[in-house]
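Written out below as structure tokens is the structure these notes cover.
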Amino acid sequence: MPPVSGRLALRGPTLSFVADPFQAGDQASMRYESDGLVLVENGKITAAGDYASLKPQLGRLKPVHYPDALILPGFIDTHVHYPQTQMIGGYGAQLIDWLNKYTFVTEQQFADSEHASAVAGIFLQECLRAGTTTAAVYCTVHPESVNALFHAATRRGMRMIAGKVLMDRNAPAALLDTAQSGYDQSEALIAKWHGKGRLSYAVTPRFAPTSSPAQLEAAAALWKKHPGTYMQTHLAETLQENEWVKSLFPERAGYLDVYAHYSLIGPRAVFGHALHLQEEEWRHLAASGSAVAHCPTSNSFLGSGLFDFTRARQPQAPAQAIRTGLATDVGGGTTLSMLRTMGEAYKIGQFGHYSLSAPKAFYLATRGAAHSLYLEDKIGSIAPGMEADLLVLDMKSTPIIDFRMNYCESLEDALFVQMTMADDRATRAVYVAGKLAYSRG
Ligand code: GUN
Ligand code: ZN
């Protein structure tokens, strides 16, 4: 158990990224210690490196030792809907039908703050069990749903980004706000939560089809008025949605141009999916410093399409690479496990003849995700000054993984086996801001 003094030391193999492997290459971007030590004081990492050299800094502090594990930065989920935790695995529909048949029915229950609080608690507990310590979260249209999530995050000390969904058209009446009420409610939530402890607010227009031009304008005004807040929405998830957007905004050049026209792109804008884009839209995403959240389990579950890794992350000119994070998109996605999500990202890449390497996948779930959220100075790495959100991964979490690990010849092999075969059972322990927040068994 961590000592009360606020000091903590973890010993074991450690892995973190010091650069973007899509640019620098896999080997050059990884910092691996086969016997590492991480020192933490008052929630922040003060030193990290190999055990032998750092041992003198321990003084009388006894490290918690995890010899058969891998100590990683906590995973970061860049796009997830907590109210949909109760509707994962809704059968037989593609996006628009799925929204009408399952999502918009479920989300009406979040007018009840007790229900919202119960689900928020389960959601965050499941995030921790999966090794996820930060997420960019969609709540529902109800302000109570945001209060529930932020209260639950505060209790656990987790760094969370979240916001009230804005919708003023094309959804059931019980889920609609107006341009004005959505603005006012969001602004009250910003005043209450943004910048409090480890919480950040995200202005959250669900997607262009459910917001009127007036609401998109109001969302942009609010986002601009409160520097440091995020803007999250969905972009080009399905071809049917693209057609719908074209019919609703015929004067715009494309889907991204709708958001660009209303000033909803730029640093701290996070676009979920980004599957069906034109080259000029990719360029615009890159040039504006916007980020995309790749949601592989959702994209295959809803039959939405294939993410273009090569275009997003390895264009001819590095300056055209897009900030990208991995995401679960529960409940379109089928798991809160970032390991499962990495495994599915690999399979999606394969369909496009792109074989996502394990270091790149782990990067996209840690430092790369932090980079996409402009948080790489706070989370996503194991380095002095970083917040001590740490995941201890059991590398032998099931009998078959234990057996398979005997035949791994490199760190990359071992990581690839984990992302292909492991899940939340591999989460041995999770530390949030230097405090033990989850321990298996
Ligand atoms: N597009 C608009 N809303 C949603 C949602 O809740 N989930 C997904 N996957 N796509 C959306
Ligand atoms: Zn989504």
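The structure displayed is predicted, hence computed values, not measured ones. For ligands, and for the atoms within them, numbers begin at 1 and follow the listed sequence.
- The pair Glu387-Arg159 meets the salt-bridge criterion, since a charged nitrogen lies less than 4.0 angstrom from a carboxylate oxygen.
- Distances from atom 11 (C) of ligand 1 to the heavy atoms of His234, Glu241, Met87 put His234 nearest.
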Inset, instruction - Given side-chain hydrogen bond (donor to acceptor under 3.5 Å, both in side chains), test Tyr230 with Ser200 step by step and report yes or no. - result: CA-CA 8 Å; Tyr230 290 81; Ser200 297; 5.1 Å; no
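- The shortest contact between atom 10 (N) of ligand 1 and any protein heavy atom is with Glu237 OE1, 2.7 Å.
- The list of ring-ring contact (aromatic ring centres under 6.0 Å, His included) pairs with a residue in residues 318-347, not counting sequence neighbours, reads Tyr346-Phe416.
- Counting only residues at least two apart or in different chains, side chain to side chain donor-acceptor pair (under 3.5 Å) contacts with residues 120-133 comprise Gln125-Arg156, Glu126-Arg129, Arg129-Asp424.
- Protein N/O/S atoms closer than 2.8 Å to the Zn ion (ligand 2): His79 NE2, His81 NE2, His234 NE2, Asp329 OD1.
- Using cut-offs of 30° and 60° for the angle between ring planes, the His234 and His273 rings count as parallel.
- Ligand-side atoms of ligand 1 in range of Leu99: 2 (C), 3 (N), 4 (C), 5 (C), 6 (O), range being under 4.0 angstrom from any heavy atom.
- The residues Glu281 and Arg311 are annotated as not salt-bridged, no charged nitrogen and carboxylate oxygen being separated by less than 4.0 angstrom.
- A salt bridge is absent between Arg283 and Glu280: the closest approach of a Lys/Arg side-chain nitrogen to an acidic carboxylate oxygen does not fall below 4.0 angstrom.
- A parallel orientation is assigned to the rings of His294 and Phe307, their planes being inclined by less than 30° (bins at 30° and 60°).
- Within the 4.0 Å heavy-atom criterion, the part of Trp98 lying near ligand 1 is the side chain and not the backbone.
- The atoms of ligand 1 that sit less than 4.0 Å from any heavy atom of Phe207 are 1 (N), 2 (C).
- Counting atoms of ligand 1 from 1 in the listed order, those under 4.0 Å from a heavy atom of Leu95 are 8 (C), 10 (N), 11 (C).
- Remark: Glu241 engages no residue in a salt bridge (Lys or Arg N to Asp or Glu O under 4.0 Å) (not counting sequence neighbours).
- In this structure, His273 has a heavy atom closer than 4.0 Å to ligand 1.
- The two atoms that bring Ala135 and Val80 nearest to each other are CB-CG1, 3.9 Å, heavy atoms only.
- Counting the atoms of ligand 1 from 1 in the order shown, those under 4.0 Å from a heavy atom of Arg206 are 2 (C), 3 (N), 4 (C), 5 (C), 6 (O).
- Within the 4.0 Å heavy-atom shell around ligand 1 one does not find Tyr138.
- Contacts of Gln84 with ligand 1, taken as heavy-atom pairs under 4.0 Å, involve the side chain alone.
- Using a 4.0 Å cut-off between charged nitrogen and carboxylate oxygen, Asp20 and Arg313 count as a salt-bridge pair.
- Near Asp329, meaning under 4.0 Å from any of its heavy atoms, are these atoms of ligand 1: 8 (C), 9 (N).
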